[in-house]
Amino acid sequence: MEHLQRKKESVLGFDVDLFNFETALQYTNQHLQENKGMQIVTINPEMISLGKNNDDFGRILNGAELVIPDGVGIKLALKIKGIEQENIPGIEFAKKLISLCELEGYTIGLLGAKEEVVQKAAKNLREEYKNLNITYVRNGYFDIQEENIIIQELKAIEPRVLFVALGAPKQELFISKIKEQMPSTIFIGVGGSFDVWSGMTKRAPEIWQKLGLEWLYRTLKEPSRFKRIFPTLPLFLVQVIIEAIHEKVG
Ligand code: UDP
């Protein structure tokens with residue numbers, strides 16, 4: 001099979017990979033087969049605006065080995081730049097990665113969410129993927145001392161893929177702290193995915209997912225998200241339009 005190379009596009013200074021779902025998975029599989037580690041970021045407009053205001057987070061985003069566009073916001077931004085890009089929902093990508101790990105016998109770890117949530121998510125995954133080897137399960141509520149213990153445990157156990165569900169930017173900051181110490185582990189931040197896999201939170205109905213409006217559905221269900229999402233998305237798109245005009249003119 002051909003050896004895939006990254007093809008990146010910058011959105012407001014942040015790299016986004018132009019793989020589709022299938023090739024992004026293949027690119028990840030390449031790393032697995034070559035026993036290489038990597039950090040996968042599933043990027044959205046909120047993370048980009050956070051990265052613009054926080055240099056550390058911004059550097060982490062651009063230091064990731066794979067950045068997949070998660071949600072309609074990034075898809076639209078790329079469209080404004082004249083690029084047709086498939087949306088890759090992070091939660092579905094993570095699920096496919098789990099399925100690949102089951103098939104190829106790679107060990108995985110789950111770190112994040114509340115204790116009962118992560119335990120239930122692990123149980124459900126073990127039922128769904130009978131040959132899956134989950135070697136590490138830990139909730140996402142820890143202080144700095146516990147964090148050091150977690151890092152030692154992870155280095156000893158070395159899961160091939162670690163799913164980190166602490167929400168952004170926490171999960172990316174955690175991954176950046178540990179990735180150099182675990183050079184053959186693949187890390188992916190998966191936000192609220194464990195809540196869904198545990199069965200305790202439902203995803204949006206399919207029609208909302210198909211329209212790329214899962215974020216809107218979640219916001220309507222959980223109005224506290226309003227403050228986070230609503231000023232961000234229109235502002236983000238306006239900035240992208242201004243950037244695209246500058247690129248055309250200049
Ligand atoms: N979480 C955690 N530790 C924390 C804060 C959050 O494990 O200190 C978990 C939380 O329980 C939830 C996930 O991180 O499972 C964040 O989900 P959210 O939907 O807010 O993330 P998003 O997908 O919006 O980034």
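All ligand and atom numbering here is 1-based and tracks the order in the structure. Throughout, residue positions are numbered sequentially from 1 according to the sequence presented. If you're wondering where the values come from, they're calculated on a predicted model, not measured in any experiment.
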Will you find, in the side chains of Gln30 and Glu34, an N or O donor that is under 3.5 Å from an N or O acceptor?
no
With a 6.0 Å cut-off (strictly less than), is the heavy-atom count around NZ of Lys114, excluding the residue itself, greater than 12?
no
For Glu22, I'd like to know if atom CD has over 12 heavy atoms of other residues, nucleotides or ligands within 6.0 Å.
no
Which is closest to atom 8 (O) of ligand 1 in terms of heavy atoms, Glu222, Met200, Lys170?
Lys170
Taking the basic N atoms (NZ, or NE/NH1/NH2) and the acidic carboxylate oxygens, is any pair closer than 4.0 Å for Lys177 and Glu147?
yes
Just to confirm my output: which protein heavy-atom neighbour is closest to atom 7 (O) of ligand 1, and how far is it?
Ala113 N, 2.8 Å
Identify the closest protein heavy atom to atom 11 (O) of ligand 1: which residue and atom is it, and at what distance?
Tyr141 OH, 2.8 Å
Option of least heavy-atom distance to atom 16 (C) of ligand 1 (set: Ser198, Ala168, Gly167, Pro169):
Gly167
The closest protein heavy-atom partner of atom 12 (C) of ligand 1 is Asp195 OD1, 3.3 Å
Please state which protein non-hydrogen atom is closest to atom 13 (C) of ligand 1 and give its distance, to 0.1 Å?
Gly191 O, 3.5 Å
Identify the closest protein heavy atom to atom 24 (O) of ligand 1: which residue and atom is it, and at what distance?
Arg228 NH2, 3.1 Å
Heavy atoms only, cut-off 4.0 Å: how does Arg218 contact ligand 1, side chain, backbone, both, or neither?
side chain
Pick one: which of Ile108, Ile40, Leu162 meets side chain to side chain contact (heavy atoms under 4.5 Å, CB included) with Ile186?
Ile40
Residue, atom name and distance, where the atom is the protein heavy atom closest to atom 20 (O) of ligand 1:
Arg225 NH2, 3.8 Å
Counting heavy atoms only, which of Gly90, Gly140, Gly112, Ala165 is nearest atom 9 (C) of ligand 1?
Ala165
Salt bridge check: are Glu247 and Lys81 linked by an N-O gap of less than 4.0 Å?
yes
Side chain, backbone, both or neither: which part of Leu166 has a heavy atom under 4.0 Å from ligand 1?
both
Between Arg218 and Glu222, is the closest basic N to carboxylate O distance under 4.0 Å?
no
Tell me the protein heavy atom at minimum distance from atom 23 (O) of ligand 1, and give that distance in Å.
Gly192 N, 3.2 Å
Atom NZ of Lys96 and atom CD1 of Ile88: how far apart are they, to the nearest 0.5 Å?
12.0 Å
